[in-house]
Amino acid sequence: MAFTQQDTECMSLALKLSKLGQNGVGANPMVGCVITNDDKIVAKDFHHHFGKEHAEINALNQINHKADNCKVYITLEPCSHQGKTPPCVNALISAGIQKVFVATLDPNPLVSGNGVKLLRKNGIEVEVGLLEKDAIEINRGFIKRMTTGFPFITSKIAMSLDGRVAMKNGESKWITSEASRNDVQLLRSQHQAILTGSGTILNDNPMMTVRNKKLNTSPLRVVIDSNNSITDKSLNIFSSDSETLIFNQSNSKVLNNGKIDLKTALIKLGGLGINNLLLEAGSGLNGAMLKAGLIDEFIIYTAPVILGSDAQPMIEIPFLKMSEKISLDIIALTQVSNDLKIRAKPL
């Protein structure tokens, strides 16, 4: 079907609304909803908080669930199962909706396709695929977790122009500008958990929190501690600002080399409902994650400084041949103050 300009504009608005729920939906997907009557918007809303009403219900509430001859634009297939809230499909059917536009199907096996089938079974016309690519991008973490069990993993790196992340002695404050560091606070707020290694904790004693309180979010702090070296409870990661989870030899699967099995740890995080995970680690853990194919995206802040050949490299992977190189697809290049922000995905 060829979608009209009106259809595209309404779904675009629904997608924009969906992102407003980013800090509140938790393990749920971000969803927006727009309702029109005679091509005029009569209601619009989004899923605000985990366990609360979904986007469709919030929008229907605005028109007292009276939607005869209305069209509905939803960024994700409406749920058809009883979860923490009743099925949204039932509410849409009862309201008298005429037609539903769905950006993309829900990958949750409890829903996947069933919501659309129920709507059609009850005489409601349904069109799927309007701005689907945009909808998938917004919920890429939820979709990956539903289909693989793993969170979507973004590695944030701050480095010099010559690819170094710290001096030989571990000193790394500050390579990038204050503007870049403020940008990282926003980046952290867009993730439900922040992952690092024990070396970073012992060397830098970071808070691993979102310092901008206006962003109103507290990601879970996660540490990979293969050597059981995190014992000092006065470290900043044990502050009351956020919860902390440490994977060590007493609670994790350990490989033959004595290292924590990263895949098993990440699956556990997925089981906790973590859709989006931010990796903020040193070259060792970044190297191990990349080698295992566990990094979905890089966000690299590159400062116009040179730290020299003795400084620590961005990623620790000792390649011997050019054929071993890992290529990246650069998605976006932006400037933050004097720094260059690179967004890229491993090919």
A quick test of your reading: do over 12 heavy atoms of other residues, nucleotides or ligands sit less than 6.0 Å from [atom1] of [X]?
{"X": "Lys259", "atom1": "NZ", "answer": "no"}
{"X": "Glu324", "atom1": "CD", "answer": "yes"}
{"X": "Asn256", "atom1": "CG", "answer": "no"}
{"X": "Asn169", "atom1": "CG", "answer": "yes"}

- prompt: If we only count heavy atoms from C-beta on, is the Tyr73 to Lys44 side-chain gap below 4.5 Å?
  reply: no
- prompt: Less than 4.5 Å apart, any side-chain heavy atom of Ser180 and any of Asp339?
  reply: yes
Write down the atom of [X], the atom of [Y], and the distance for their closest heavy-atom approach.
{"X": "Val102", "Y": "Pro78", "answer": "CG2-CD, 4.0 Å"}
{"X": "Pro313", "Y": "Arg164", "answer": "N-NH1, 3.9 Å"}
{"X": "Leu131", "Y": "Thr8", "answer": "CD1-O, 3.7 Å"}
{"X": "Leu328", "Y": "Leu347", "answer": "C-CG, 4.1 Å"}
{"X": "Ala59", "Y": "Ala43", "answer": "O-CB, 3.3 Å"}
{"X": "Arg221", "Y": "Thr244", "answer": "NE-OG1, 3.0 Å"}

Check side-chain hydrogen bond (donor to acceptor under 3.5 Å, both in side chains) between [X] and all other residues, then give those that pass, not counting sequence neighbours.
{"X": "Thr264", "result": "Asp261"}
{"X": "Gln62", "result": "Asp45"}
{"X": "Ser234", "result": "Asp232"}

- prompt: Can you tell which of Leu92, Leu130, Thr104 makes a side-chain contact (heavy atoms from CB on, under 4.5 Å) with Ile74?
  reply: Leu92
message: Name the residue from Ile230, Thr200, Leu195 that meets the side-chain contact (heavy atoms from CB on, under 4.5 Å) definition with Ile224.
response: Leu195
May I have the list of side-chain donor-acceptor pairs in residues 297-304 shorter than 3.5 Å, sequence neighbours left out?
{"from": "Glu297", "atom 1": "OE1", "to": "Arg140", "atom 2": "NH1", "distance (Å)": "2.9"}
{"from": "Glu297", "atom 1": "OE1", "to": "Arg343", "atom 2": "NE", "distance (Å)": "3.2"}
{"from": "Glu297", "atom 1": "OE1", "to": "Arg343", "atom 2": "NH2", "distance (Å)": "3.3"}
{"from": "Glu297", "atom 1": "OE2", "to": "Arg343", "atom 2": "NE", "distance (Å)": "2.9"}
{"from": "Tyr301", "atom 1": "OH", "to": "Asp183", "atom 2": "OD2", "distance (Å)": "2.6"}

message: List the residues meeting ring pair (Phe, Tyr, Trp, His ring centres under 6.0 Å) with His65, not counting sequence neighbours, and say none if there are none.
response: none
Got a second to check how far [X]'s [atom1] is from [Y]'s [atom2], nearest 0.5 Å?
{"X": "Phe152", "Y": "Phe142", "atom1": "CZ", "atom2": "CZ", "value": "15.5 Å"}
{"X": "Leu119", "Y": "Ile124", "atom1": "CG", "atom2": "CD1", "value": "5.0 Å"}
{"X": "Ser239", "Y": "Lys233", "atom1": "OG", "atom2": "NZ", "value": "12.5 Å"}
{"X": "Asn248", "Y": "Thr231", "atom1": "CG", "atom2": "OG1", "value": "11.0 Å"}
{"X": "Lys71", "Y": "Lys40", "atom1": "NZ", "atom2": "NZ", "value": "14.0 Å"}
{"X": "Leu278", "Y": "Thr154", "atom1": "CG", "atom2": "OG1", "value": "6.5 Å"}

same_hphob_cluster(Leu269, Ile143) at 4.5 Å side-chain heavy-atom cutoff: no
message: Assigning hydrophobic clusters by single linkage (Ile, Leu, Val, Met, Phe, Trp, Tyr; side-chain heavy-atom cutoff under 4.5 Å), is Val34 placed with Leu76?
response: no
query: What pairs of residues pass the side-chain hydrogen bond (donor to acceptor under 3.5 Å, both in side chains) test when at least one of them lies in residues 271-284, not counting sequence neighbours?
result: Arg145-Asn275, Lys156-Glu280, Arg188-Glu280
- prompt: Restricting to pairs with a member in residues 20-31, which pass side-chain hydrogen bond (donor to acceptor under 3.5 Å, both in side chains), not counting sequence neighbours?
  reply: Asn28-His47
field: Working for side chain to side chain contact (heavy atoms under 4.5 Å, CB included), residues Leu17 and Cys33
entry: CA-CA 8 Å; Leu17 288 168; Cys33 178; over 6 Å; no
field: Set of residues satisfying side-chain contact (heavy atoms from CB on, under 4.5 Å) with respect to Asn37, sequence neighbours excluded
entry: Val42, Cys70
task: Tell me, please, which residues at least two apart from Leu333 pass side-chain contact (heavy atoms from CB on, under 4.5 Å).
output: Ile330, Leu340, Ile342
Ignoring hydrogens and angles, state whether a donor on the side chain of [X] or [Y] is under 3.5 Å from an acceptor on the partner side chain.
{"X": "Asn338", "Y": "Ser177", "result": "no"}
{"X": "Asp39", "Y": "Thr36", "result": "no"}
{"X": "Arg181", "Y": "Ser337", "result": "no"}

Identify all side-chain donor-acceptor contacts of residues 201-216 below 3.5 Å with residues at least two apart in sequence or on another chain.
{"from": "Asn203", "atom 1": "ND2", "to": "Gly199", "atom 2": "O", "distance (Å)": "3.1"}
{"from": "Asn205", "atom 1": "OD1", "to": "Asn236", "atom 2": "N", "distance (Å)": "2.9"}
{"from": "Asn212", "atom 1": "OD1", "to": "Lys214", "atom 2": "N", "distance (Å)": "3.0"}

query: Hydrophobic clusters join Ile, Leu, Val, Met, Phe, Trp and Tyr when side-chain heavy atoms are under 4.5 Å apart, directly or via other members; which others share one with Val305?
result: Met167, Ile175, Leu307
Donor-acceptor list for residues 286-296 side chains, cut-off 3.5 Å, not counting sequence neighbours:
{"from": "Asn286", "atom 1": "OD1", "to": "Ser155", "atom 2": "OG", "distance (Å)": "2.6"}
{"from": "Asn286", "atom 1": "ND2", "to": "Ala281", "atom 2": "O", "distance (Å)": "3.1"}
{"from": "Asn286", "atom 1": "ND2", "to": "Gly282", "atom 2": "O", "distance (Å)": "3.4"}
{"from": "Asp296", "atom 1": "OD1", "to": "Lys144", "atom 2": "NZ", "distance (Å)": "3.2"}
{"from": "Asp296", "atom 1": "OD2", "to": "Lys144", "atom 2": "NZ", "distance (Å)": "2.7"}
{"from": "Asp296", "atom 1": "OD2", "to": "Ile153", "atom 2": "N", "distance (Å)": "2.7"}

query: Can you check side chain to side chain contact (heavy atoms under 4.5 Å, CB included) on Phe247 and Leu266, steps first, answer last?
result: CA-CA 10 Å; Phe247 288 107; Leu266 292 169; over 6 Å; no
